[in-house]
Novice: 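The structure's right below; bear with me while I get my questions together.
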Number of protein chains: 2
Amino acid sequence: MSNCDLCVVRNRAICASLDAKELSALNTVGRTRNVVAGESLIWEGEDSVLVANVIEGVLKLSTNTEDGREQIVGVVYPSDFIGRPFGGTTGHGVTALTDAKVCVFSRRDFDAFAREHPALEHKLLERTLGELDRTRRWMLLLGRKSAGEKMASFLVEMVERMDNTAGCAIRFEQPNRRHVTLPFSRQQIADVLGLTIETVSRQFTRLKNEGIVDLPSRREVVILDLDALVAEAG
Amino acid sequence: MSNCDLCVVRNRAICASLDAKELSALNTVGRTRNVVAGESLIWEGEDSVLVANVIEGVLKLSTNTEDGREQIVGVVYPSDFIGRPFGGTTGHGVTALTDAKVCVFSRRDFDAFAREHPALEHKLLERTLGELDRTRRWMLLLGRKSAGEKMASFLVEMVERMDNTAGCAIRFEQPNRRHVTLPFSRQQIADVLGLTIETVSRQFTRLKNEGIVDLPSRREVVILDLDALVAEAG
DNA sequence: CGAGGGGTTGAGATGGATCAATTGGTGTGG
DNA sequence: CCACACCAATTGATCCATCTCAACCCCTCG
C-alpha cells in the first residue's frame, strides 16, 4: 500500500523512473514530512544525512559568509530533488520559504537504493545536469548584470518555473500577464540577486511606475507586461 | 590495443569506473584531440554534439550577455568532464585557456554507451554533484564578496585545484608558498570574478605591496603567504 | 491605541567602473 | 643590436550605481 500512487509529483520527480514494485520498495525507506515556512531541513556544513523530493511548497538553498552575508544559491519547487547523495557535506542550508511538504530519505538508504537502480540514478543525473546549467546561467546574472536586469531576470525565471509547476501560487491571466503570490520576502529577493533590500524595493517601485508590474500587497506581484520584463532581463 | 592504458588521467577521470574490456569499447568511439590556447571546442547555444574528458591543459566555460559582457562560469582541469550529455543545448562555450589535450566523444555515442554502463553514469553523477557544489560556492563570491575577497578566493581555489592535478604549472615550494604560472590573462580573471581588468590589476598590486604575493611576470604569481590569502578570502 | 516587523523613501558615502594615459615586455625588420 | 610597433597590464582621475544610514510608513496583532 504505497501512498506514492496519490503523489502529485509522481510523474515529474525522479521517482518517475521506477515501476510499481520498485516504488513501493523505495517507499518503505522514505516518509513524507511537513515543513513550516522558515523551518530548515538541512544546515550548511553538516554531514549529509538526508535527501528529499519536494512535493509541495518552495524552499531556498543558501550559504553565508562567516560575517553573516547571505547568498541564496538555489530555489526549489515541487518535483525538485534536494540534498547531497553520495557522501560529502552539504555546502548550503535548505530552508522552507513557504509551508512545504517533502518526501525524505536517509541519505544512506537512498544511496544504497540508487546504486541498485540505474534508472533512478539516470534521472537524478539528468536533473543535476539541468540544475547545473541553471546555476551557471545565474552566475552571469550575479557577475555581470545591473540591478534592473537582475530584477527582471528574477521575475521572469520565477514565472517560468511556476508556470511549469501545478499548484503554485500563480494565475495565468493572459500570455503577457501573470498574478503571482511571492514566496519571497524583499530580503530574500535581495539574497537571491546579490543586492540590498533597498535596491530591490526601489526597482519594484520603478517597475510599477513604468507600468510593467502592479503591487497590490507586499507578497503579490501582478506582471502587466511580461514581454517588457523579458526584454529588460538582458 | 587501447591507448587508454597510457592515459595520465585514466584513474581520475570518469573512465576509472570501467574495466579493460569496457574501456576499449569506449575507446573505439572516442579520439584524442589537441586544442591550442584560445581555440573553442563548444559554442554557447549550439546543440550539444560532443562531450570530452580533459587530459591536459586548462579550459574555461563561459556565457555572454547579448551586448557582449562575459562571465566565466567554470574552469576545468585535467580529468574533468566537459559537455552536456543527454540532450539539450549547451548553455556555455568551452574554450582552451592553455594548449590542451582532450578525449572527445560524439554526444550520441557517449549517451548510448553511458546508458549501458551504470558505473560510468554513477561516476559522472558524482562528478556533476561536486561541480554543482563548487558552482554554488562561487555564487556566494559573485553575489556577496568584495573585490579583495574575490581575488583572494580566486587564487586560493586555483592553487587548491592545481595542487590536486599532477602536471599543472605550479610549484609547491613550502606549505605556505606556491609558484604558479597563470593559465589566465587579467581580462579572464576579471571575467571569472565579475570585475573589470583595472580592478583586478589594482588588487594584484595591493597584494604585492602587502607582501602576500610577488609578480615576477604577467603570467606568474608567487604566493608568499597562502594563509593570509585564505584569511582574506572571507 | 501602541508596539513591532517588514517595506519604502531619502540623502549622502563609496567601491568599483569608466575613461584616459603611460609603462613594459615581446617580436619584427632594418 | 637597435628602433619601432603592438598589445597586455598598470596607473591615475573622475564618475556613478549601488550601498549605507536613517527616517518614516503601513500592516498586523495584542
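Per chain, numbering begins at 1; letters A, B, ... match sequence-line order. Below, all heavy atoms of this structure are taken into account, side chains as well, without hydrogens, waters or symmetry copies.
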Novice: Could you check whether A:Phe81 and A:Phe110 have their ring centres less than 6.0 Å apart?
Specialist: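 For A:Phe110 and A:Phe81, the ring centres are under 6.0 Å apart.
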
Novice: What is the separation between atom CG on B:Asp67 and atom C1' on C:dT18, rounded to the nearest whole Å?
Specialist: 15 Å

Novice: With a 4.0 Å limit, can you tell me whether B:Thr199 has a side-chain N or O closer than that to the phosphate oxygens OP1/OP2 of C:dG16?
Specialist: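 Indeed not, no polar side-chain atom of B:Thr199 lies that close.
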
Novice: Quick check for you: among C:dG16, D:dA9, C:dG7, whose closest atom lies nearest to any side-chain atom of A:Ile197?
Specialist: C:dG7

Novice: Using a 4.0 Å heavy-atom cut-off, does A:Gly194 contact any base of the nucleic acid, only the sugar-phosphate backbone, or nothing at all?
Specialist: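 Sugar-phosphate, no base atom in range.
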
Novice: Looking at B:Lys60 and B:Asp191, is there a salt bridge between them, counting it only when a charged N and a carboxylate O are closer than 4.0 Å?
Specialist: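 Here B:Asp191 does not pair with B:Lys60 in a salt bridge, since their nearest N and O are not under 4.0 Å apart.
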
Novice: Rounded to whole Å, how long is the line connecting atom CZ of A:Arg206 with atom C1' of D:dT18?
Specialist: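 Rounded to whole Å, this separation is 14 Å.
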
Novice: Nearest whole Å is fine: how far is D:dA17 C1' from A:Lys145 NZ?
Specialist: 17 Å

Novice: Taking only side-chain nitrogens and oxygens of A:Ser185, does any of them come within less than 4.0 Å of OP1 or OP2 of C:dG6?
Specialist: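 So the side chain of A:Ser185 is outside the cut-off, no N or O lying under 4.0 Å from OP1 or OP2 of C:dG6.
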
Novice: Using whole Å, what does the distance between atom P of nucleotide C:dA20 and atom CD of B:Glu198 come to?
Specialist: 12 Å

Novice: Which of these nucleotides, C:dA17, D:dA9, D:dT20, is closest to any side-chain atom of B:Arg186?
Specialist: D:dA9

Novice: Supply the atom-to-atom distance A:Arg137 CZ to A:Leu141 CG, rounded to the nearest 0.5 angstrom.
Specialist: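 Spacing of CZ (A:Arg137) from CG (A:Leu141) equals 11.0 Å.
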
Novice: Answer yes or no: is there a side-chain heavy-atom contact under 4.5 Å between A:Ser185 and A:Gln188?
Specialist: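 SC-SC contact between A:Ser185 and A:Gln188 confirmed.
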
Novice: Just to confirm, is there a sub-4.0 Å distance from OP1 or OP2 of D:dT11 to any side-chain nitrogen or oxygen of B:Thr205?
Specialist: yes

Novice: Nearest to the A:Ser201 side chain among C:dT8, D:dT18, D:dA9, which nucleotide is it?
Specialist: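 In terms of side-chain proximity for A:Ser201, the closest of C:dT8, D:dT18, D:dA9 is C:dT8.
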
Novice: Tell me the interatomic distance from A:Gln203, atom CD, to C:dT8, atom C1', rounded to whole angstroms.
Specialist: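 It works out to 14 Å between those atoms.
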
Novice: Going by modelled atom types, is there a donor-acceptor pair between the base of D:dT20 and the side chain of A:Arg202 at under 3.5 Å?
Specialist: yes

Novice: Name every residue in residues 210-221 of chain B that has at least one heavy atom under 4.0 Å from any atom of DNA chain C, in order of residue number, or write none if there are no such residues.
Specialist: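 B:Arg218, in order of number.
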
Novice: So do the side chains of B:Asn209 and B:Arg206 get within less than 4.5 Å of each other, counting heavy atoms only?
Specialist: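 A side-chain contact under 4.5 Å is absent here.
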
Novice: Rounded at 0.5 Å granularity, tell me how far CD in B:Glu232 sits from CG in B:Asp225.
Specialist: 10.0 Å

Novice: Could you tell me how far apart B:Leu195 (CG) and C:dT18 (P) are, to the nearest whole angstrom?
Specialist: 11 Å

Novice: Check the distance between C:dT18's P and B:Gln187's CD and give it to me in whole angstrom.
Specialist: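 That distance rounds to 11 Å.
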
Novice: Taking OP1 and OP2 of C:dA17, is either one under 4.0 Å from a side-chain nitrogen or oxygen of B:Thr196?
Specialist: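 For B:Thr196, the contact criterion (side-chain N or O under 4.0 Å from OP1 or OP2 of C:dA17) is met.
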
Novice: Before you tell me yes or no, could you show the steps for B:Glu160 and B:Arg178 under salt bridge (charged side-chain N to carboxylate O under 4.0 Å, His left out), namely the whole-Å CA-CA distance, both residues' side-chain angles and the distance that decides it to 0.1 Å?
Specialist: CA-CA 10 Å; B:Glu160 273 173 6; B:Arg178 297 287 188 289; over 6 Å; no

Novice: Can you tell me how far P of C:dG16 sits from CZ of B:Phe204, to the nearest Å?
Specialist: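 Answer to the nearest Å: 16 Å.
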
